[in-house]
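Taking it in order: structure first as structure tokens, then the write-up.
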There are 2 protein chains.
Amino acid sequence: MSGSNPIRVLVVDDDPLACEAHIAYVRRVPGFVVAGSASNAAAALKFLAGGGVDLVLLDMNLPDRHGLEIIRTMKAARHPADVIAVTSARELETVRTAVSQGIVQYLLKPFSFATLRERLERYASYRQTVTAPTAASGQAEVDQLLAGLRGASPAAPAGLLPQTLESVVNLLRELTDLSAAELADRLGTSRVTARRYLEHLVDTGAATRDHRYQGTGRPVVAYRWRSPG
Amino acid sequence: MSGSNPIRVLVVDDDPLACEAHIAYVRRVPGFVVAGSASNAAAALKFLAGGGVDLVLLDMNLPDRHGLEIIRTMKAARHPADVIAVTSARELETVRTAVSQGIVQYLLKPFSFATLRERLERYASYRQTVTAPTAASGQAEVDQLLAGLRGASPAAPAGLLPQTLESVVNLLRELTDLSAAELADRLGTSRVTARRYLEHLVDTGAATRDHRYQGTGRPVVAYRWRSPG
DNA sequence: TGTCTTGTGTTCGTTTCGTTCATCGACCGG
DNA sequence: CCGGTCGATGAACGAAACGAACACAAGACA
């Protein structure tokens, strides 16, 4: 553990804010150091050519070339660094191509620090096993290795279910201006529960509250996803 | 399901006996057809250039070139076929490189028909989801996709009985949407034990977790065998 | 100002979850 | 034949997540 070298990470993102955020995140995870950053494909490839990178946190949407192209170039050049794809693109086709090119993780933006840390730690564990000069004892060990690299997300809010929270986020993104009662209807839960999740999103700054006047009775509280980014 | 085209497989192995055996195996799995076979790297690449291949069952030890080289050449040429690495090489370094090049599975020789079938079925499920022109609803869906592709074989129990596990798998396949309590009832075990087996299946990517809101009280956790549609 | 109408916010009981720990049997060396 | 270790199990016990119910809030309208 303490004897192994830190994993050197290159952060690539064209949005300066996101780039800084990711750098700060990586710095907070023990065992990882930020080797550098780049805001476009050309700079990223140039930095990679200089060596000293073990892992790339790679945004797919870059101004000059698509992230998938960078991966292809890297692999063709036998560059040994692994790649975690970071993107807001939800097209499954992109996921498929990225997997086919050998990415070790696929992270959807925006993600929390907890999520990134968990993925980095998984990768560190995988890397430590796999770089040892030993042989696998059998199929089971190989399976375990790959499964550990690609496990599910134990994202942990408080008092609510992670999966339901994600459904709420998706609905909020899709339909702007959602009231607690409407969400309850679409979710199959009670209004109380729907409200709990929405308030959580407001608390964490992911959503905003608003009022909708409808001519009669008490106004409805409408929730909105905060800026598509 | 029935409307989708079969997945065309190229079998590559220099040992004629093993090659024939793998061909016979693939033929026995519904939804897959053998597009051709090759006994060396040159023949494999030539066949691939002709198109009509979705998946390559690729032995790593070939007389002319190493399997990893074939994968690199394929990916550099943007060949869309996916690769399942088949090898008797247990060096973890080879595993790591192969994963880095984007293989979808890593199978150690010799393997049983049941093992290959299970991996092929996982790949078919992954492929069906990923080739649909839809977008992922969130990180959880992406994670489940990757976990299902790379998960360990469910037949690798740790702290549980293979026999019981098989019963659980059968029940889960038969009845979609099973809760831990329901399984416990049908199995004659306690809820705790039933839950242990179901969680194991989720860990290995063979099943997925879902929540069922039932009008009152805490929602129940519903488990599903993967590939619902 | 008072009333009506609609929706909000919170309390509290209900149902299920997830975990801990003792138990029971199987296997094993002596 | 006996004591010991190990592996799988389930009873029991907080804690978690939900929704029915209810009191109150906020606007419209007279």
List, with names and distances, any nitrogen or oxygen atoms from the protein found under 3.5 Å away from nitrogen or oxygen atoms belonging to nucleotides 25-27 of chain D.
residue: D/dA25; atom: O4'; partner: A/Arg218; partner atom: NH1; Å: 3.0
residue: D/dA25; atom: N3; partner: A/Arg218; partner atom: NH1; Å: 3.2
residue: D/dG27; atom: OP1; partner: A/Tyr213; partner atom: OH; Å: 3.1

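- Here D/dG10 presents its C1' atom at 15 Å from CG of B/Asp185, a figure rounded to the nearest Å.
- Ion pairing between A/Arg191 and A/Asp185 fails under the 4.0 Å rule for side-chain N and carboxylate O.
- A side-chain N or O of B/Ser112 and one of B/Thr115 form a donor-acceptor pair less than 3.5 Å apart.
- One finds a salt bridge joining B/Arg173 and B/Glu121 here, because a Lys/Arg side-chain nitrogen approaches an Asp/Glu carboxylate oxygen to under 4.0 Å.
- Between B/Gly188 and A/Gly188, it is B/Gly188 whose nearest contact on DNA chain D lies nearer the 5' terminus.
- In this structure, CZ of B/Arg209 is placed 15 Å from C1' of C/dT16, rounded to the nearest angstrom.
- The interatomic distance linking B/Asp210 (CG) with C/dC17 (C1') rounds to 16 Å, in whole Å.
- Taking 4.0 Å as the cut-off between side-chain N and carboxylate O, A/Glu182 and A/Arg186 do not count as a salt-bridged pair.
- A/Arg195 contributes no side-chain N or O that forms a donor-acceptor pair with the base of C/dG7 under 3.5 Å.
- To the nearest angstrom, C1' of D/dG19 lies 17 Å from NE2 of B/His211.
- Atom-to-atom, CG of A/Leu165 to P of D/dA17 comes out at 11 Å; the value is rounded to the nearest Å.
- Applying the 4.0 Å criterion to OP1 and OP2 of C/dT5, one finds that A/Gln214 has every side-chain N and O outside that range.
- In this structure, of C/dT6, D/dG10, D/dG19, it is D/dG10 that holds the atom nearest to the side chain of B/Thr193.
- Here the side chains of B/Thr87 and B/Asn61 are in contact, with some heavy-atom distance below 4.5 Å.
- Here D/dC18 is the nucleotide among D/dC18, C/dT8, C/dT16 with the atom lying nearest to any side-chain atom of A/Tyr197.
- Geometrically, B/Arg28 engages B/Phe113 in a cation-pi contact, judged by NZ or CZ lying under 6.0 Å from the ring centre and within 45° of the ring axis.
- Residue B/Glu199 contributes atom CD, which lies 17 Å from atom C1' of D/dA8 at whole-angstrom precision.
- Of the candidate nucleotides C/dT6, C/dT10, C/dT19, C/dT10 has the atom lying nearest to any side-chain atom of A/Val192.
- With DNA chain C read from its 5' end, the first of the two nearest nucleotides for A/Ala180 and B/Ala181 is the one closest to A/Ala180.
- The residues A/Lys109 and A/Asp15 are annotated as not salt-bridged, no charged nitrogen and carboxylate oxygen being separated by less than 4.0 angstrom.
- Counting heavy atoms from C-beta outward, A/Ile84 and A/Tyr106 have side chains that stay 4.5 Å or more apart.
- With the nearest nucleotide of DNA chain D identified for both B/Leu161 and A/Ser190, B/Leu161 has the one nearer the 5' end.
- For the pair B/His200 NE2 and D/dG7 P, the computed distance is 16 Å after rounding to whole Å.
- What separates CZ of A/Arg191 from C1' of C/dG9 is a distance of 7 Å, to the nearest Å.
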Would you list the atom pairs, donor with acceptor, under 3.5 Å between side chains in residues 193-207 of chain A and any protein atom, with sequence neighbours excluded?
residue: A/Thr193; atom: OG1; partner: A/Ser190; partner atom: OG; Å: 3.4
residue: A/Tyr197; atom: OH; partner: A/Leu161; partner atom: N; Å: 2.8
residue: A/Glu199; atom: OE1; partner: A/Arg209; partner atom: NH1; Å: 2.6
residue: A/Glu199; atom: OE2; partner: A/Arg209; partner atom: NH1; Å: 2.7
residue: A/Glu199; atom: OE2; partner: A/Tyr223; partner atom: OH; Å: 2.6
residue: A/Thr204; atom: OG1; partner: A/His200; partner atom: O; Å: 3.1
residue: A/Thr204; atom: OG1; partner: A/Leu201; partner atom: O; Å: 3.2

N/O-N/O pairs, protein side and nucleotides 21-26 of chain C side, under 3.5 Å:
none

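- Side-chain N or O atoms of A/Asp54 include none that pairs as donor or acceptor with a backbone N or O of A/Ile7 at under 3.5 Å.
- Within the 4.0 angstrom heavy-atom criterion, no nucleotide atom of any strand lies near B/Ser179.
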